[in-house]
Amino acid sequence: MTDANKLIVLDMAGTTVADGGLVERAFERAAETLGVVPGSADHTAKLQYVRDTMGESKISVFRHLFGTEELARRANSAFEQAYGELVDGGLIAPIPGAREAVERLRADGRAVVLTTGFARVTQDAILDALGWQDLADLTLCPADAGGRGRPYPDMVLTAFLRTGAVADVRDAVVVGDTAYDVLSGLRAGAGIVAGVLTGAHDRATLTGNGATHVLGSVAELPGLLERESGA
């Protein structure tokens, strides 16, 4: 096999991990600690913004919502704590076929990197809850890539640099469930930027933002790559 499609960069929540709306639940807990009244117009507007920006680095979302760095960091800490408690409560699960897809991709000689917009402590909580600490070749959060999450290309480019799996970033594959995942892949220069329909955004949103492919789920990815390579 040539270098083509040998680096696979996968999003977590909504792509490989089903979290059952925990982002919204954790946000609601965090917002309440900062005085946002549940059921208020302010609460409704902020929650809608969280939905609209699924896939973006959470600290960036909170900076937009709360205006100051201090409030953003307080909100982010409260969010991470709430999300971690929900994860510890057993409220997440793998997307069906996700683990098997990653194992198959690695067995085929591809490097797999799991990425997230969450902080490292939350990412590790998810990996621990699923028994996935050793599933991928590498796991990355925004802090691992200099602090910028999606839609910036930094995590994809960090995966490219750290793994050394391909010589050309155009041989990378990026997969996610949001427009921000798609944008980060396109900005990095990945050759395949696939959306999946197991998370936040629908087919029209994914294709409208430039996805090269749209899959029902990440379980379909190994088959797509085999077809792309003519295997």
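- Put simply, the side chain of Val61 reaches to within 4.5 Å of the side chain of Val50, judged on heavy atoms.
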Asp42 and Val37: CA distance, side-chain angles, deciding distance, side-chain contact (heavy atoms from CB on, under 4.5 Å) verdict
CA-CA 8 Å; Asp42 183 40; Val37 179; over 6 Å; no

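- Looking only at atom types and distance, the side chain of Ser184 has no donor-acceptor partner in the side chain of Asp181 under 3.5 Å away.
- Asp168 places no side-chain N or O within donor-acceptor distance of the main-chain N or O of Asp171, the cut-off being under 3.5 Å.
- At a threshold of 4.5 Å between non-hydrogen side-chain atoms, the residues Leu105 and Leu225 count as touching.
- Of all the heavy atoms in Ala190 and Val174, the pair that sits closest is CB-CG2, 3.8 Å.
- Note that the CG atom of Asp154 and the CZ atom of Phe160 stand 14.0 Å from one another [nearest 0.5 Å].
- Distance check, rounded to the nearest 0.5 Å: CD of Glu100 to CD1 of Ile95 gives 12.0 Å.
- Nearest heavy-atom pair, Ala179 versus Leu206, reported as atom, atom and distance to 0.1 Å: N-CD2, 4.2 Å.
- Among the candidates Thr15, Asp177, Thr198, the single residue satisfying the side-chain contact (heavy atoms from CB on, under 4.5 Å) test with Ser217 is Thr198.
- In summary, the side chains of Arg74 and Thr33 do not present any donor paired with an acceptor at a separation below 3.5 Å, with no hydrogens or angles considered.
- For Ala13 against Tyr83, the heavy-atom pair with the smallest separation is CB-OH, 4.5 Å.
- A donor-acceptor contact shorter than 3.5 Å is absent between the side chain of Asp137 and the backbone of Val113.
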Checking Asp144 against Met155 for the side-chain contact (heavy atoms from CB on, under 4.5 Å) test, could you report, in this order, the C-alpha distance in whole Å, the side-chain angles of both residues, the deciding distance, and whether it holds?
CA-CA 8 Å; Asp144 299 320; Met155 285 195 289; over 6 Å; no

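- Salt bridge present: Glu103 and Arg99 bring a charged side-chain N and a carboxylate O closer than 4.0 Å.
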Donor-acceptor pairs are to be reported for all side-chain atoms of residues 21-31 against protein atoms at under 3.5 Å, with residues two or more places apart or in another chain.
{"unit_1": "Glu24", "atom_1": "OE1", "unit_2": "Arg51", "atom_2": "NE", "d": "3.3"}
{"unit_1": "Glu24", "atom_1": "OE1", "unit_2": "Arg51", "atom_2": "NH2", "d": "3.2"}
{"unit_1": "Glu24", "atom_1": "OE2", "unit_2": "Arg51", "atom_2": "NE", "d": "3.0"}
{"unit_1": "Arg29", "atom_1": "NH1", "unit_2": "Glu85", "atom_2": "OE1", "d": "3.2"}

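- Looking only at side-chain heavy atoms (C-beta outward), Leu224 and Leu221 come within less than 4.5 Å of each other.
- Judged purely by atom type and a 3.5 angstrom limit, Asp108 has no side-chain atom pairing as donor or acceptor with the backbone of Arg110.
- Although no hydrogens or angles enter the test, the distance criterion places no donor-acceptor pair under 3.5 Å between the side chain of Thr163 and the main chain of Ala111.
- In plain terms, the two heavy atoms of Asp52 and His201 that are nearest each other are O-NE2, 4.1 Å.
- Residues Leu138 and Val218 do not share a hydrophobic cluster, clusters being chains of Ile/Leu/Val/Met/Phe/Trp/Tyr side chains in contact below 4.5 Å.
- Ring geometry for His64 against Tyr49 counts as parallel: the plane angle stays under 30°, on a 0 to 90° scale with 60° as the upper cut.
- Contact check on Arg150 versus Asp11 returns a salt bridge, with a Lys/Arg side-chain nitrogen under 4.0 Å from an Asp/Glu carboxylate oxygen.
- Proximity of a side-chain donor or acceptor of Thr115 to a complementary backbone N or O of Leu10 within less than 3.5 Å is detected.
- Note that CZ of Arg120 and SG of Cys141 are 5.0 Å apart. Values are rounded to the nearest 0.5 Å.
- Between the side chains of Asn5 and Glu228, no donor-acceptor pair is found at a separation under 3.5 Å.
- Side-chain atoms of Arg63 do not come within 3.5 Å of backbone N or O of Thr68 as any donor-acceptor pair.
- Transitive grouping of hydrophobic side chains (ILVMFWY, heavy atoms separated by less than 4.5 Å) keeps Tyr152 and Leu157 in distinct clusters.
- You'll find the side chain of Val175 stays beyond 4.5 Å of the side chain of Val9, heavy atoms only.
- Follow the hydrophobic side-chain contacts under 4.5 Å out from Val182 and you reach Leu197 in the same cluster.
- Residues Thr16 and Leu114 have side chains in contact (heavy-atom distance under 4.5 Å, counting atoms from C-beta outward).
- In the hydrophobic clustering of ILVMFWY residues, with side-chain heavy atoms under 4.5 Å counting as a link, Val214 and Tyr180 come out apart.
- Looking at Arg148, its side chain never comes within 3.5 Å of a backbone N or O of Ser57 through a donor-acceptor pair.
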Run the side-chain contact (heavy atoms from CB on, under 4.5 Å) check on Ile126 and Trp132 step by step: do they pass?
CA-CA 8 Å; Ile126 296 169; Trp132 280 13; over 6 Å; no

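- Leu215 and Met54 fall within a single hydrophobic cluster, where Ile, Leu, Val, Met, Phe, Trp and Tyr are joined by side-chain heavy atoms under 4.5 Å apart, directly or via other members.
- Asp134 CG to Leu127 CG: the interatomic distance, rounded to the nearest 0.5 Å, is 9.5 Å.
- Across all their heavy atoms, Thr178 and Ala200 have their closest contact at CG2-CB, 4.0 Å.
- A side-chain donor-acceptor contact under 3.5 Å links Asn209 to the backbone of Thr205.
- For His43 and Glu32, the side-chain atoms include no donor-acceptor pair closer than 3.5 Å.
- At least one donor-acceptor pair closer than 3.5 Å links the side chain of Ser77 to the backbone N or O of Arg73.
- Proximity of Glu226 to Arg104: side-chain heavy atoms (C-beta onward) are separated by under 4.5 Å at one or more points.
- To the nearest 0.5 Å, the span separating CZ on Phe62 from OG1 on Thr53 amounts to 9.0 Å.
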List the steps, then state whether side-chain contact (heavy atoms from CB on, under 4.5 Å) holds for Leu86 with Asp19.
CA-CA 9 Å; Leu86 292 165; Asp19 74 357; over 6 Å; no

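- Distance check: Arg170 CZ to Ile192 CD1 gives 14.0 Å after rounding to the nearest 0.5 Å.
- The two residues Ala188 and Pro153 have their closest heavy-atom pair at N-CB, 3.5 Å.
- Judged by distance alone, with hydrogens and angles left aside, the side-chain atoms of Asp124 form no donor-acceptor pair with the main-chain N or O of Val121 at under 3.5 Å.
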